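Take a look at the structure below.
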Amino acid sequence: MLEKGLRYTVRKQVGAADTALAMGSGDMEVFATPAMVALMEHAAMRAVAARLPAGSTTVGAEMSTSHIRPSAPGAVVTAEAELVAVEERKLTFRVAAFDGDRMIGQGTHVRYVVDRDRFLSKL
């Protein structure tokens, strides 16, 4: 049963592959916005994974986020997701990312519950 309030936190040490320079989203060796977004999505996916029916998963559909502070390679960043709305298959999360106790990003993320096999059959 999916209900508001489900949460998950994930941590990652920023590596060379997570930088804007390596990802092509910028030209500096700082934690890339796409890497931050992926970490937020991962937290949201994990927040509900254990409560889904057998054969189901969630897929990301929408992300509205801001990346407000840089983080250096080697930093340990944390992403948190909280399920704030459930509308049938549509799940809305509040997401945030931190470098230590400093917020580096925040936003809203929408995921949909899908049947894995049915979803993959559309490829």
Side-chain angles (χ1 to χ4, degrees):
M1 175 61 82
L2 297 176
E3 55 199 33
K4 292 190 312 185
L6 293 174
R7 296 172 181 251
Y8 195 83
T9 300
V10 63
R11 288 175 178 73
K12 175 181 184 49
Q13 184 170 24
V14 178
D18 303 312
T19 66
L21 181 63
M23 295 189 120
S25 64
D27 62 3
M28 293 192 286
E29 291 188 9
V30 296
F31 189 46
T33 300
M36 181 189 74
V37 167
L39 201 61
M40 290 172 162
E41 281 198 87
H42 182 77
M45 182 264 307
R46 294 292 302 269
V48 297
R51 301 279 184 103
L52 296 174
S56 294
T57 190
T58 59
V59 293
E62 186 178 323
M63 177 67 83
S64 174
T65 188
S66 60
H67 192 169
I68 57 178
R69 283 192 169 82
S71 298
V76 176
V77 294
T78 303
E80 302 174 349
E82 178 184 3
L83 183 59
V84 295
V86 179
E87 302 169 51
E88 297 183 16
R89 297 183 319 112
K90 181 183 178 184
L91 310 176
T92 303
F93 297 84
R94 182 178 320 121
V95 291
F98 299 87
D99 179 344
D101 61 353
R102 296 179 337 142
M103 180 179 283
I104 62 169
Q106 62 183 342
T108 304
H109 177 45
V110 174
R111 299 185 73 78
Y112 282 87
V113 178
V114 299
D115 177 271
R116 286 177 187 272
D117 293 337
R118 187 170 173 205
F119 185 83
L120 292 173
S121 73
K122 297 177 182 181
L123 294 178

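This structure is a prediction, so every number in the text was calculated from the model and none was measured.
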The reported gap from CD in Glu80 to CG in Leu39 (rounded to nearest 0.5 angstrom) is 10.5 Å

Taking every heavy atom of Ala81 against every heavy atom of Met40, the minimum-distance pair comes out as CB-O, 4.4 Å

Are Leu52 and Leu2 side-chain neighbours, meaning at least one heavy-atom pair lies under 4.5 Å?
yes

Requested in this report: Decide yes or no for Tyr112 and Val110: does some side-chain heavy atom of the first lie under 4.5 Å from some side-chain heavy atom of the second?
Outcome: yes

### Query
In terms of heavy-atom contacts, does CE of Met28 have more than 12 from other residues, nucleotides or ligands at under 6.0 Å?
no

With sequence neighbours left out, the residues meeting side chain to side chain donor-acceptor pair (under 3.5 Å) with Thr58 are Arg111

What one should report as the nearest heavy-atom pair of Met103 and Phe98 is CA-CD2, 3.6 Å

Note: Phe93 and Ala47 closest approach over all heavy atoms is CE2-CB, 4.1 Å

* Would you find a donor on one side and an acceptor on the other, under 3.5 Å apart, between the side chain of Gln13 and the backbone of Gly74? -> yes

If Ile, Leu, Val, Met, Phe, Trp and Tyr residues are connected whenever their side-chain heavy atoms lie under 4.5 Å apart, and connections chain through other members, are Val10 and Met45 in the same group?
no

Any side-chain heavy-atom pair of Thr33 and Ser25 under 4.5 Å: no

Donor-acceptor pair, side chain of His109 and main chain of Thr92, under 3.5 angstrom: no

By side chain to side chain donor-acceptor pair (under 3.5 Å), Thr78 pairs with (sequence neighbours left out) none

Residues Val86 and Leu83: closest non-hydrogen pair is CG2-CD2, 3.6 Å

I'd like to know if Asp18 pairs up with Lys12 as an ion pair, taking the criterion as any Lys NZ or Arg NE/NH1/NH2 lying under 4.0 Å from an Asp or Glu carboxylate oxygen. yes

In this structure, NE2 of His67 is separated from CE of Met36 (nearest 0.5 Å) by 5.0 Å

Correct closest heavy-atom pair for Ala32 and Thr19 would be CB-C, 3.6 Å

Check: Where do Asp99 and Arg69 land on the side-chain contact (heavy atoms from CB on, under 4.5 Å) test, with the steps shown first?
Finding: CA-CA 9 Å; Asp99 179 344; Arg69 283 192 169 82; over 6 Å; no

- Message: Looking at Glu88, I want to see if its CD is surrounded by more than 12 non-hydrogen atoms of other residues, nucleotides or ligands under 6.0 Å.
- Response: no

By side chain to side chain donor-acceptor pair (under 3.5 Å), Arg11 pairs with (sequence neighbours left out) none

N/O donor-acceptor pair under 3.5 Å between Arg89 side chain and Val113 backbone:
yes

Smallest heavy-atom separation, Gly105 atom then Ile68 atom, equals N-CG1, 4.0 Å

| query | Going only through I, L, V, M, F, W and Y residues with side-chain contacts under 4.5 Å, is there a path from Ile104 to Val14? | reply | yes

**Asked** Is there a path from Val95 to Val37 through hydrophobic residues (I, L, V, M, F, W, Y) whose side chains come within less than 4.5 Å of each other?
**Response** yes

task = Please check if Met63 and Met23 belong to a single hydrophobic cluster, counting links between Ile, Leu, Val, Met, Phe, Trp and Tyr side chain heavy atoms closer than 4.5 Å.
result = no

So CG of Asp117 and OG1 of Thr57: to nearest 0.5 Å the spacing works out to 11.5 Å

